[in-house]
Amino acid sequence: MRWRSLPLAMVLAGLAWALTGCGSTIGTPWSPTAPEAATLLGLVNDARAKPRTCGTTAFPAAPPLALEPRLTRAAQLHSDDMQATGTVSHTGSDGSSLADRVDRQGYSWSALAEDIAYGYPTPSAAVDAWLASPGHCSAIMGAGYQDLGAGVAGTYWTLDFGAPR
């Protein structure tokens, strides 16, 4: 089949599919506007909008985060990997760290953090669990972060926080 015989919309859809990795058979296909990512962003920004105590550390309200496509891709791929391997770890099955996974997506960062979770049935349940954990809550409330990536595969959840370089 020749390219020019395809309708332009099909060519563009195929290109978008290839560039975003939506052809993966593992986990949930990634999209920078996936409903789960947008829902997680809203819940995180709602939490950041008011002062909060994480463990014994008091945090003032923090500015809202922006959903960042490269961080979202890194987070989604990590959730996919955890689901595929049945593990819950900040280390990928290939030995990768958060920094490795974010670097692979081309996000130039000055600060990073990651929250992961397993077994929560909804975005709000996952965020509630993170907010109940001092370390995870501190990442959510970190005023130095400007960007968020969010991914979910089944009940494997990942939030990647970043500040650009």
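Both backbone and side-chain heavy atoms feed into the values below; hydrogens, waters and symmetry mates do not. One is the number of the first residue; the rest follow in order along the sequence.
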Inset, instruction - Side-chain contact test, heavy atoms from C-beta onward, threshold under 4.5 Å: evaluate it for Phe59 versus Thr53 and give yes or no. - result: no
Inset, instruction - I would like to know whether Leu77 and Asp81 meet side-chain contact (heavy atoms from CB on, under 4.5 Å); could you show each step before the answer? - result: CA-CA 6 Å; Leu77 290 171; Asp81 182 53; over 6 Å; no
Inset, instruction - Taking all heavy atoms of Ala49 and all of Ala61, pick out the closest pair and write down the distance. - result: O-CB, 3.4 Å
Legend entry - Leu112 side, atom CG; Arg101 side, atom CZ - distance, nearest 0.5 Å: 10.0 Å
Inset, instruction - Please name the pair of heavy atoms, one in Ala143 and one in Ala62, separated by the smallest distance, quoted to 0.1 Å. - result: CA-CB, 4.2 Å
Inset, instruction - Nearest 0.5 Å please: distance from the CD atom of Gln105 over to the OG1 atom of Thr72. - result: 10.5 Å
Inset, instruction - Could you grab the distance from atom OG1 of Thr158 to atom CD of Gln83, nearest 0.5 Å is fine? - result: 11.0 Å
Legend entry - Side chain Ser110, main chain Ala163, donor-acceptor under 3.5 Å: yes
Inset, instruction - Check whether any side-chain N or O of Ser97 sits under 3.5 Å from a backbone N or O of Asp100 as a donor-acceptor pair, and report yes or no. - result: yes
Legend entry - Heavy-atom side-chain contact between Met82 and Tyr118 under 4.5 Å: no
Legend entry - Minimal non-hydrogen separation, Ile140 against Arg48, with atom names: O-NH1, 2.7 Å
Legend entry - Test item: side-chain donor near acceptor, Ser93 and Thr85, under 3.5 Å: no
Inset, instruction - Report the distance from atom CG of Leu148 to atom CZ of Phe161, rounding to the nearest 0.5 Å. - result: 5.5 Å
Legend entry - Over 12 non-hydrogen atoms of neighbours within 6.0 angstrom of OH in Tyr120: no
Inset, instruction - Sort out for me which residue in Thr39, Leu67, Leu65 forms a side chain to side chain contact (heavy atoms under 4.5 Å, CB included) with Val44. - result: Leu65
Legend entry - Lys/Arg N to Asp/Glu carboxylate O, Arg73 vs Asp80, below 4.0 Å: no
Legend entry - Flag, side chain of Gln76 to backbone of Val152, donor-acceptor distance under 3.5 Å: yes
Legend entry - Side-chain donor/acceptor of Trp157 to backbone N/O of Asp115, under 3.5 Å: no
Inset, instruction - Work out which heavy atom in Ala150 is nearest to a heavy atom in Leu40; give both atom names and the distance. - result: CB-CD1, 3.7 Å
Inset, instruction - Take Asp147 and Trp109, measure what side chain to side chain donor-acceptor pair (under 3.5 Å) needs, and give me the verdict at the end. - result: CA-CA 10 Å; Asp147 297 322; Trp109 55 273; over 6 Å; no
Legend entry - Pair Thr87, Ser89: side-chain N/O donor-acceptor within cut-off below 3.5 Å: no
Legend entry - Contact check, side chains of Pro60 and Pro51, non-hydrogen atoms, under 4.5 Å: no
Inset, instruction - Would you name the heavy atoms of Asp160 and Glu114 that are closest together and state the gap between them? - result: OD1-OE2, 2.7 Å
Inset, instruction - Could you check if a side-chain atom of Ile116 sits within less than 4.5 angstrom of a side-chain atom of His78, using non-hydrogen atoms only? - result: yes
Legend entry - Side chains of Arg104 and Ser96 in contact at under 4.5 Å (non-hydrogen atoms): yes
Inset, instruction - Measure the spacing between CH2 of Trp130 and SG of Cys137 and express it to the nearest 0.5 Å. - result: 12.5 Å
Inset, instruction - Of all the heavy-atom pairs spanning Tyr145 and Ala113, show the shortest one and how long it is. - result: OH-CB, 3.2 Å
Legend entry - Check: Leu159 and His136 side chains under 4.5 Å, non-hydrogen atoms: no
